[in-house]
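These notes concern the structure reproduced below.
Quick note: numbers below take in every heavy atom, side chains included, and nothing from hydrogens, waters or symmetry partners. Residue numbers count from 1 along this sequence. If you're wondering where the values come from, they're calculated on a predicted model, not measured in any experiment.
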Amino acid sequence: MNRMEPAKKIELLAPAKDYESAVAAVDYGADAVYIGGAKFGARYAAGNSAERIARVVEYARRYGVRVHATLNTLLRDDELADAEAQARELVAAGVDALIVQDMALRRMALPVELHASTQVCNTTPEGARFLGEAGFARVILERALSLDEIRAICAATAAEVECFVHGAICVGYSGRCFLSRSMSDRSGNRGACSQPCRLAWDLTDGRGTTRIAGKHLLSVRDMNLSHRIGELLDAGVSSFKIEGRLKDVSYIKNVVAYYRRAVDEALAVRPQLRRASAGESLYDFAPDPAKSFTRGDTEYFFAGRRSGVASFDTPKSVGEPLGRVTRVDGRGFRIGAPADVVPGDGLCFVAPHGTAGTNVNAVEGGRIVPNRMEGIAVGAAVYRNFDRRFALALERSRTRRVIPVSAEVAIAPDGVRMTCTDCEGVAASAARCVPLDEARNPEANAASVRTQAARSGDTIFAVRDVAVRGAERFVPASLMAEVRRECLEALLQARMARTPEHRILPEDPAAVYPAERLTAEENVTNRLAEAFYRDHGVRTIEPPLELAPSTAGCRVMRSAYCIRREIGECLRERPRLRGELYLERGARRYRLAFDCARCEMSLVDETGR
């Protein structure tokens with residue numbers, strides 16, 4: 001790295017359902033939070049008013065934490081004015097960036113940084129390069145990419161690259177899934193996905209034979225790339241995103257704290273990189289993501305397409321594995337390995353015949369007495385999906401985020417001045433002009449001044465080093481306390497007054513979209529988006545599937561996930577199961593189509609055919 005070149009900023013990005021969640025994300029170590037506005041966000045149930053988001057911005061700004069607002073649904077022509085009005089409200093509220101799917105927002109001349117949502121289905125270097133040229137400061141990647149694919153995208157674009165590292169995975173390519181809409185009026189591209197991929201389905205063949213009955217065949221485990229942060233940094237990723245705008249505050253605290261440590265460890269051996277915000281989060285618990293909502297961990301396709309990523313038995317949180325049931329009696333059971341289970345814990349049992357759950361009433365030696373015995377059988381896998389002691393530790397947590405400060409106190413016969421400088425070089429001073437008597441014990445006076453100057457109280461600062469000059473003049477403790485309070489308040493105001501760094505980029509009219517044709521799945525749903533694509537070289541734009549009266553006969557999901565691969569029947573490996581395959585649930589029927597050249601699976605709506 002060139003000595004004059006500033007270190008690249010690396011961001012840990014956390015979800016926020018509301019103000020309380022955003023505060024928790026900031027306190028526990030996030031460098032940025034993403035939060036939904038009142039409408040037009042991909043999580044309809046996680047909307048917030050502009051006034052509430054302004055409060056989030058005010059709190060986050062103290063630490064240099066950025067706030068990104070999601071405005072990432074598709075827009076109809078009759079919604080463009082409302083969407084622009086909301087976007088400008090969010091800008092006025094102080095957000096640092098808008099996360100968008102619809103290219104109409106690129107055409108609204110918004111004075112804000114724009115990020116291309118994962119809903120844009122960012123999977124290729126060519127697409128990412130175009131988005132950077134078209135004025136997007138950041139592209140947010142599809143979750144199904146491998147490290148090699150991520151590396152190639154980072155090398156191809158001038159835009160920052162953000163990728164998901166933790167949380168739920170959309171089994172279909174983001175922004176290209178219409179499964180929910182094919183079954184109801186709830187559309188994932190409109191922020192109201194009903195999550196039919198988490199339902200139980202039957203796998204049938206072309207002769208009507210049921211091959212697998214009542215399993216969650218499209219439900220995949222939750223992502224955990226915490227051990228891959230260093231590789232992603234070296235690939236060029238700038239922002240690490242945690243999924244979960246509908247998750248509770250405990251999830252936010254635990255998972256953000258865990259990834260804060262993981263990112264900091266990776267940054268510690270890469271001096272050319274630095275975290276994007278300031279402060280230290282002083283944890284009073286040991287973070288462990290297995291103790292928050294999880295369907296089980298997977299790195300998904302980080303190392304390439306592979307099996308073992310699905311959660312066929314249940315789409316619900318199973319939690320941390322404890323072992324297997326080895327013995328059952330009338331009132332209780334035993335687990336093979338010793339388990340640190342206590343009354344109040346929640347347990348989940350997974351067996352071939354299904355899943356069950358219960359709370360723990362008592363623990364008698366190695367014997368566990370549950371509230372219910374239903375579903376508990378020898379051989380069942382046991383998971384703890386609620387750790388009572390850990391939940392209490394999170395609830396009682398007094399974790400604070402503080403900004404380290406060094407202070408200098410200069411004492412003179414006519415007064416005292418205190419100057420504080422924080423870890424980012426922001427400085428402020430406060431002084432009192434009063435006559436000061438000589439100190440009887442200059443050494444004791446200096447110690448008293450240091451003690452008073454270091455008392456940062458309930459501020460966001462932690463005064464770590466205090467230098468004292470002129471201790472020959474006595475400074476009363478009450479006077480020093482007043483000066484310290486004024487100085488730290490002035491330092492806070494100086495931090496808040498800084499102008500945030502933004503990459504508000506122009507749209508290059510010469511940028512060429514990497515295809516001349518847009519299919520119905522690519523969802524151009526309004527006149528502004530159509531003009532955007534045509535201006536960048538697209539000649540043919542099919543009517544959007546999102547606005548079609550029916551999805552019958554259409555592909556409603558395309559995915560890197562493959563049921564054949566998952567059940568050991570890959571078409572490349574001499575499968576026993578040949579011919580057409582279908583997913584069925586009640587009256588709904590979808591044909592599975594396999595593109596082995598691209599290693600992809602699609603669902604085609606065959607209902608009623």
Task: Exam field: side chain Thr118 to backbone Leu141, donor-acceptor pair closer than 3.5 Å - done: yes
TODO: List the steps and the verdict of salt bridge (charged side-chain N to carboxylate O under 4.0 Å, His left out) for Glu84 and Arg88.
DONE: CA-CA 6 Å; Glu84 180 172 356; Arg88 293 189 182 280; 3.1 Å; yes
Task: Arg495 and Asp422: CA distance, side-chain angles, deciding distance, salt bridge (charged side-chain N to carboxylate O under 4.0 Å, His left out) verdict - done: CA-CA 9 Å; Arg495 290 189 59 82; Asp422 69 22; 2.6 Å; yes
Open item on the list: I'd like to know whether the aromatic ring centres of Phe130 and His536 sit less than 6.0 Å apart in this structure.
Closed with: yes
- [ ] Output the distance between atom SG (Cys154) and atom CG (Asp234), rounded to the nearest 0.5 Å.
- [x] 11.0 Å
TODO: Enter the distance from Leu98:CG to Phe40:CZ here, rounded to the nearest 0.5 Å.
DONE: 13.0 Å
TODO: Please determine, by modelled atom types, if Arg261 and Ser281 share a side-chain donor-acceptor pair under 3.5 angstrom.
DONE: no
Open item on the list: How long is the straight-line distance from CG of Leu114 back to CZ of Arg503, given to the nearest 0.5 Å?
Closed with: 11.5 Å
Task: Under-4.0 Å salt bridge between Arg485 and Glu489 - done: no
Task: Lys/Arg-Asp/Glu bridge criterion (N-O < 4.0 Å) met for Glu280, Arg400 - done: no
Open item on the list: Tell me whether Asp31 is salt-bridged to Arg66, with the criterion being a basic N under 4.0 Å from an acidic carboxylate O.
Closed with: no
Task: Derivation and outcome, side chain to side chain contact (heavy atoms under 4.5 Å, CB included), residues Lys241 and Leu13 - done: CA-CA 5 Å; Lys241 189 170 196 169; Leu13 177 58; 4.0 Å; yes
Open item on the list: For Arg388, is there an ion pair with Asp345 - N to carboxylate O distance below 4.0 angstrom?
Closed with: no
Task: Atom pair CG (Leu394) and CD1 (Ile252), whose distance is rounded to the nearest 0.5 Å - done: 11.5 Å
Task: side-chain hydrogen bond (donor to acceptor under 3.5 Å, both in side chains) assessment of Asp465 paired with Ser406 - done: CA-CA 5 Å; Asp465 301 299; Ser406 61; 5.9 Å; no
- [ ] Would you check if the side chain of Arg469 reaches a backbone N or O of Ala467 as a donor-acceptor pair within less than 3.5 Å?
- [x] no
Open item on the list: Between Arg275 and Ser277, is the side-chain hydrogen bond (donor to acceptor under 3.5 Å, both in side chains) condition met? List the steps.
Closed with: CA-CA 6 Å; Arg275 68 175 291 187; Ser277 66; 3.3 Å; yes
Open item on the list: Tell me if a side-chain donor or acceptor on Asn254 pairs with a main-chain N or O of Asp288 at a distance below 3.5 Å.
Closed with: yes
Open item on the list: Under the criterion salt bridge (charged side-chain N to carboxylate O under 4.0 Å, His left out), I'd like the reasoning laid out for Glu11 against Arg138: C-alpha separation, chi angles, the key distance, then a yes or no.
Closed with: CA-CA 12 Å; Glu11 176 185 278; Arg138 181 179 296 184; 2.7 Å; yes
Open item on the list: I'd like to know if Glu507 pairs up with Arg107 as an ion pair, taking the criterion as any Lys NZ or Arg NE/NH1/NH2 lying under 4.0 Å from an Asp or Glu carboxylate oxygen.
Closed with: yes
Task: For Ser456, the option from Leu488, Val402, Ile403 that meets side chain to side chain contact (heavy atoms under 4.5 Å, CB included) - done: Leu488
Open item on the list: Looking at every heavy atom in both Ser429 and Ala490, which two are closest together, and how far apart are they?
Closed with: O-CB, 4.2 Å
TODO: Find the distance between CZ (Arg260) and CG (Leu12) and round it off to the nearest 0.5 Å.
DONE: 5.0 Å
Task: Worked verdict on Ser292 versus Tyr258 for side-chain hydrogen bond (donor to acceptor under 3.5 Å, both in side chains) - done: CA-CA 11 Å; Ser292 290; Tyr258 182 80; over 6 Å; no
Task: Distance under 6.0 Å and angle within 45° of ring axis: Arg106 vs Phe532 - done: no
Task: Nearest atoms (heavy-atom pairs only) where Ile169 meets Arg143 - done: CA-CD, 3.8 Å
Open item on the list: Treating Asn526 as the side-chain partner and Leu75 as the backbone partner, does any N or O pair qualify as donor plus acceptor under 3.5 Å?
Closed with: yes
Open item on the list: Checking Asn224 against Glu299: is there a side-chain donor and acceptor pair closer than 3.5 Å?
Closed with: no
Task: Salt bridge present between Lys9 and Glu501 (N-O < 4.0 angstrom) - done: yes
- [ ] May I ask you to decide if the ring planes of Tyr251 and His166 are parallel, tilted or perpendicular, using 30° and 60° as cut-offs?
- [x] tilted
Task: Residues Asp96 and Arg61 bridged, charged N to O under 4.0 Å - done: yes
Open item on the list: Do the side chains of Arg384 and Asp387 get close enough for a salt bridge, i.e. N-O under 4.0 angstrom?
Closed with: yes
Task: Exam field: side chain Thr451 to backbone Ala447, donor-acceptor pair closer than 3.5 Å - done: yes
Task: Flag side-chain contact, heavy atom, 4.5 Å: Ile411 against Phe474 - done: no
Task: Geometric class of the Tyr59/Tyr63 ring pair [parallel <30°, tilted 30-60°, perpendicular >60°] - done: tilted
Task: Ring-face cation contact, Tyr19 with Arg52, 6.0 Å cut, 45° max - done: no
Open item on the list: To check you understand the geometry: which heavy-atom pair defines the closest contact between Val426 and Ala494, and what is its length?
Closed with: CG1-CB, 3.8 Å
Open item on the list: Test your reading of the model: is there a side-chain donor-acceptor pair from Thr70 to the backbone of Asn72, 3.5 Å cut-off?
Closed with: no
- [ ] Flag the pair Val100 / His115 as yes when at least one side-chain heavy-atom distance between them is below 4.5 Å, and no otherwise.
- [x] no
Open item on the list: I need the Leu492 CG to Phe461 CZ distance, nearest 0.5 Å.
Closed with: 5.0 Å
Task: Salt-bridge present (Glu79, Arg76; N to O < 4.0 Å) - done: yes
Open item on the list: Any carboxylate oxygen within less than 4.0 angstrom of a Lys/Arg side-chain nitrogen, looking at Asp222 and Arg295?
Closed with: yes
Task: N-O pairing of Arg432 and Glu482 below 4.0 Å - done: yes
Task: Chi angles and distances behind the side-chain hydrogen bond (donor to acceptor under 3.5 Å, both in side chains) call for Ser250, Asp248 - done: CA-CA 6 Å; Ser250 293; Asp248 60 23; 4.6 Å; no
TODO: Could you go through the side chain to side chain contact (heavy atoms under 4.5 Å, CB included) check for Val409 and Val466 one step at a time?
DONE: CA-CA 7 Å; Val409 180; Val466 181; 4.2 Å; yes
Open item on the list: Test side chain to side chain contact (heavy atoms under 4.5 Å, CB included) on Phe285 and Thr399; report intermediate values, then the result.
Closed with: CA-CA 8 Å; Phe285 69 102; Thr399 293; 4.0 Å; yes
Open item on the list: I'd like to know if the side chain of Asn48 and the backbone of Gly36 have a donor-acceptor N/O pair within less than 3.5 Å.
Closed with: yes
- [ ] Evaluate the criterion side chain to side chain contact (heavy atoms under 4.5 Å, CB included) for residue pair Glu408 and Arg417; output intermediate values, then yes/no.
- [x] CA-CA 8 Å; Glu408 182 180 276; Arg417 170 179 290 273; over 6 Å; no
Task: Distance-only donor-acceptor check, side chains Ser317 and Asn385, under 3.5 Å - done: no
Open item on the list: For a quick check under 3.5 Å, do Ser21 and Asp18 share a side-chain donor-acceptor pair by atom type?
Closed with: yes
Open item on the list: Between the side chains of Asp340 and Arg389, is the shortest nitrogen-to-carboxylate-oxygen separation below 4.0 Å, so that they form an ion pair?
Closed with: yes
